[in-house]
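Computed over heavy atoms, backbone and side chain alike; hydrogens, waters and symmetry mates excluded.
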Amino acid sequence: MSDTTTTGAPGLRLRPPDAPAVAGPSKVPAVTASFWAVKVLTTGMGETTSDYLARTLGPVPAVAGAAVLLAAALAAQARADRYRPAVYWAAVVMVSVFGTMAADVAHVALGVPYAASATAFALALAAVLGLWHRLEGTLAVDTVRGGRREVLYWAAVMATFALGTAVGDLTAATLGWGYLPSGLLFAALIAVPALGHRVLRLPPVLAFWWAYVLTRPLGACFADWAGVGPERGGLGLGTGPVSLVLAAVIAAAVRRLAAGARRPARANA
């Protein structure tokens, strides 16, 4: 996604000519098939890990511990001088865990219906993206190089995880569709922005954030389906084992991404 990408509004550029540039390498990975694959894996891990910790430790200690680990992960990401696969994806995993807890606490502890929390999180995401565009003149993620733009990026990411969690639970639980049918639904829906971008010339930044939101309920529904018992329509593998398997797959994928990132650096040395 380049800085010169236009939105659907006539004549509106995501980055006006007079918008200040931020020097330095990007702190966000390139948006490739590998990016989307790891992103979906992190959403599934966040869902089952959140459920496992809440049941094992209790909601309050689980939320408190996740908040501390999230703060540490984001601090490490802020200190990074460029995209570091292990650091970046660790932050995404913790955002996934904490974002899941935020949506679950709103529903379970506060009694907020998933439809209401999904609406609230959607408005929060729209507000963050609107503020980001107003202040920075672009929503293109390849321009995230630190500073205020990085803060806005992670605020948007957090909002997408909370929104996606609420939407997934809304279809699977409140509407009673179940985890597997909901996962299949979101698997179909996530193809819409990709096809819209290629066929209907949907602006790439809009397509990106649309797909980014949908990765959350997609991964979470399939992870829940694997983890919950047959009485809830699942395979009954357990949230703990599912979390461990997903963590191992994510770790292997991130190691591969890190190795790939080092090869071009050595080639250019």
**Student:** Mind listing the closest non-hydrogen atom pair of Val242 and Ala223 along with its distance?
**Tutor:** CG1-O, 4.2 Å
**Student:** Are side-chain N/O atoms of Arg82 and Ser26 paired as donor and acceptor at under 3.5 Å?
**Tutor:** no
**Student:** Hey, could you give me the CG/CG distance between Asp104 and Asp169, rounded to the nearest 0.5 Å?
**Tutor:** 6.0 Å
**Student:** Under a 4.0 Å N-O cut-off, is there an ion pair linking Glu150 with Lys27?
**Tutor:** yes
**Student:** Give the minimum heavy-atom separation between Pro204 and His197, together with the two atoms involved.
**Tutor:** CB-CE1, 3.8 Å
**Student:** Classify the angle between the aromatic ring planes of Phe35 and Tyr212 as parallel (below 30°), tilted (30 to 60°) or perpendicular (above 60°).
**Tutor:** tilted
**Student:** Using distance alone, with no hydrogens and no angle criterion, decide if Thr239 and Arg55 have a side-chain donor and acceptor under 3.5 Å apart.
**Tutor:** yes
**Student:** Of all residues at least two apart in sequence or in a different chain, which pass the side-chain contact (heavy atoms from CB on, under 4.5 Å) check with Arg79?
**Tutor:** Ala75, Ala76
**Student:** Using 0.5 Å steps for rounding, measure from the CG atom of Leu170 to the OG atom of Ser182.
**Tutor:** 9.0 Å
**Student:** When you compare the side chain of Val254 with that of Tyr88, does any pair of heavy atoms fall below 4.5 Å?
**Tutor:** no
**Student:** Under 4.5 Å between side-chain heavy atoms, hopping through other hydrophobics if needed: is there a path connecting Leu214 to Val40?
**Tutor:** yes
**Student:** Assigning hydrophobic clusters by single linkage (Ile, Leu, Val, Met, Phe, Trp, Tyr; side-chain heavy-atom cutoff under 4.5 Å), is Val68 placed with Leu57?
**Tutor:** no
**Student:** Using a 3.5 Å distance criterion without hydrogens, assess whether the side chain of His133 forms a donor-acceptor pair with backbone atoms of Leu139.
**Tutor:** no
**Student:** Any idea how Phe208 and Trp36 line up, ring-wise: parallel (<30°), tilted (30 to 60°), or perpendicular (>60°)?
**Tutor:** tilted
**Student:** Among Val157, Val151, Leu152, which residue satisfies the side-chain contact (heavy atoms from CB on, under 4.5 Å) criterion with Trp154?
**Tutor:** Val157
**Student:** Side chains of Phe161 and Thr100: does their closest heavy-atom pair fall under 4.5 Å?
**Tutor:** no
**Student:** Rounded to the nearest 0.5 Å, what separates atom CG in Leu180 from atom CG in Leu235?
**Tutor:** 8.5 Å
**Student:** For Lys39, which residues count as a salt bridge (Lys or Arg N to Asp or Glu O under 4.0 Å) partner, sequence neighbours excluded?
**Tutor:** none
**Student:** Could you tell me whether the side chain of Thr138 reaches within less than 4.5 Å of the side chain of Arg149, counting heavy atoms only?
**Tutor:** yes
**Student:** How far apart are the closest heavy atoms of Leu246 and Met45, and which atoms are they?
**Tutor:** CD1-N, 3.4 Å
**Student:** I need the minimum non-hydrogen distance between Val144 and Trp132, along with the two atoms involved.
**Tutor:** CG2-CZ2, 4.0 Å
**Student:** Tell me whether Val87 shares a hydrophobic cluster with Ile250, the cluster being built from Ile, Leu, Val, Met, Phe, Trp, Tyr side chains joined at under 4.5 Å.
**Tutor:** no
**Student:** Nearest 0.5 Å please: distance from the CG atom of Leu74 over to the CZ atom of Phe98.
**Tutor:** 10.5 Å
**Student:** Any pair with a residue in residues 224-238 that passes side chain to side chain donor-acceptor pair (under 3.5 Å), sequence neighbours left out, goes on the list, sorted by first then second residue, please.
**Tutor:** Tyr179-Arg232
**Student:** Please enumerate all residues that pass ring-ring contact (aromatic ring centres under 6.0 Å, His included) together with Trp210, with sequence neighbours excluded.
**Tutor:** none
**Student:** From Ile190 CD1 over to Leu195 CG, what is the distance, rounded to the nearest 0.5 angstrom?
**Tutor:** 11.5 Å
**Student:** Is a donor from one side chain sitting under 3.5 angstrom from an acceptor on the other, for Arg216 and Thr165?
**Tutor:** yes
**Student:** For the pair Ser117 (side chain) and Val112 (backbone), establish whether a donor and an acceptor sit closer than 3.5 Å, ignoring hydrogens and angles.
**Tutor:** no
**Student:** Report yes or no: do Leu175 and Phe121 belong to one cluster of Ile/Leu/Val/Met/Phe/Trp/Tyr joined by side chain heavy-atom distances under 4.5 Å?
**Tutor:** yes
**Student:** Does some side-chain heavy atom of Leu257 sit less than 4.5 Å from a side-chain heavy atom of Tyr83?
**Tutor:** yes
**Student:** Does the side chain of Leu70 come within less than 4.5 Å of Val97's, by heavy atoms?
**Tutor:** no
**Student:** Which heavy atom of Gln77 sits nearest a heavy atom of Ala91, and at what distance?
**Tutor:** CB-CB, 4.4 Å
**Student:** From Phe186 CZ over to Leu218 CG, what is the distance, rounded to the nearest 0.5 angstrom?
**Tutor:** 8.5 Å
**Student:** Please list, chain by chain and in numerical order, all residues satisfying side-chain contact (heavy atoms from CB on, under 4.5 Å) with Ser243, sequence neighbours excluded.
**Tutor:** Thr48, Thr49
**Student:** Which residues pass the side-chain contact (heavy atoms from CB on, under 4.5 Å) test with Ala118, sequence neighbours left out?
**Tutor:** Leu163, Ala166, Val167
**Student:** Taking Thr56 for its side chain and Leu53 for its backbone only, find out whether a donor-acceptor pair lies under 3.5 Å.
**Tutor:** no
**Student:** Among the clusters formed by ILVMFWY side chains lying less than 4.5 Å apart, do Leu244 and Val93 turn up in the same one?
**Tutor:** no
**Student:** Quick check: closest heavy atoms across Leu184 and Phe222, and the distance to 0.1 Å?
**Tutor:** N-CZ, 3.8 Å
